[in-house]
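What follows is a single structure, written as structure tokens, with notes after it.
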Amino acid sequence: MDRLVIPARPSPFALEPARTALVMIDMQRDFLEPGGFGEALGNDVSQLRKAIAPCRALLETARKAGLFVIHTREGHRADLSDAPQAKLERSPPDRRIGAAGPMGRILVRGEPGHDIIPELAPLAGEPVVDKPGKGAFYQTDLELMLRNRGIVSLIVAGVTTEVCVHTTLREANDRGYRCLVPADACASYFPEFHEVGLRMIAAQAGLFGCVTGSSEIRNAFENPASRLEGSTT
Ligand code: TIU
């Protein structure tokens, strides 16, 4: 089966499309639009919106190539029974998880703010993983779905770089997945955390994975010269 090689740092990233998934982390209104969890934490949500166009491009590439596309959402049950008290109490009562805001109850499943932004809406058939924590593997069926599809490589994008993207990446590493992170398709409320977060991924010979850009991924899928037939990693 054809393999692609994508320019990345610290080294090129080889993948087999049929065994690769795109995991879009938490591109939710609660993080990217005013009035949600991100803003309740005191952040400027506009910092995250830079990642929307690259994420759209990435989704387009992945869908065209037939990659397994998975979306995640961070959030909790309406009765908050799956939200640790330690997580709830970090914000003042009127702005914490479960509090009423302009987009409904903050980070609660089924509320408008919990949904994925319209620009990146999942297509029918693309699984949406609802997760109670930062990592997409914790208390979800993500690993089961990946295993059932024979997925060995993940392209991980979304928000925020140093929180849910990093946590998911670390969980994926410990489970043996090869990970590629498109830098421009991730974002943080803190630009310096984004930069350092990306450096941490690729440091020490790619301790958590490789870092590239969304256009490098698109070019590799569109350019037959990046295909390696019958080679192995
Ligand atoms: N999805 C995700 O990253 N959740 C966060 O709470 N991120 C923050 O940066 N706060």
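FYI, side chains are in, hydrogens and waters are out, and symmetry mates aren't considered; it's all heavy atoms of this structure. Note that ligands are numbered from 1 as they come in the structure, with each ligand's atoms numbered from 1 the same way. Predicted, not measured: the structure shown is a model, and the values here were computed from it.
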Ignoring angles and geometry beyond distance, decide whether [X] reaches within less than 3.5 Å of ligand 1 through its nitrogen or oxygen atoms.
X: E74; value: yes
X: F31; value: no
X: N43; value: no
X: C164; value: yes
X: Y189; value: no

Legend entry - Structural part of V165 in contact with ligand 1, heavy atom criterion under 4.0 angstrom: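 The answer is neither; V165 stays 4.0 Å or more away.
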Inset, instruction - Mind checking whether T160 contacts ligand 1 via backbone (N, CA, C, O), side chain (CB onward), both or neither, at a 4.0 Å heavy-atom cut-off? - result: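 Both of them.
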Inset, instruction - Write out the residue and atom name of the closest protein heavy atom to atom 6 (O) of ligand 1, then the distance separating them to 0.1 Å. - result: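 Of every protein heavy atom, K134 NZ, 3.2 Å lies nearest to atom 6 (O) of ligand 1.
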Legend entry - Protein residue, atom and distance nearest to atom 10 (N) of ligand 1, heavy-atom basis: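 The closest heavy atom on the protein side is L41 CD1, 3.6 Å.
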Legend entry - Electrostatic pair E74:K134 at N-O distance under 4.0 angstrom: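 So E74 pairs with K134 through a salt bridge.
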Inset, instruction - Output yes when E111 and R105 qualify as a salt bridge under the 4.0 Å nitrogen-oxygen rule, no when they do not. - result: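 No, this pair does not count.
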Inset, instruction - Taking only heavy atoms of F37 into account, list the atoms of ligand 1 that are under 4.0 Å away from them. - result: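 So the answer, numbered in order with elements, is 6 (O).
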Inset, instruction - Return yes when atom CZ of R77 has more than 12 non-hydrogen atoms of other residues, nucleotides or ligands closer than 6.0 Å, and no otherwise. - result: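 Check fails, neighbour count at 12 or below.
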To the nearest 0.5 Å, what is the distance between [atom1] on [X] and [atom2] on [Y]?
X: T161; Y: H166; atom1: OG1; atom2: NE2; value: 8.0 Å
X: R19; Y: Y177; atom1: CZ; atom2: OH; value: 10.5 Å
X: I6; Y: S11; atom1: CD1; atom2: OG; value: 12.0 Å

Legend entry - Option from I217, L198, T61 for which side chain to side chain contact (heavy atoms under 4.5 Å, CB included) with P182 holds: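 Filter result, single survivor: I217.
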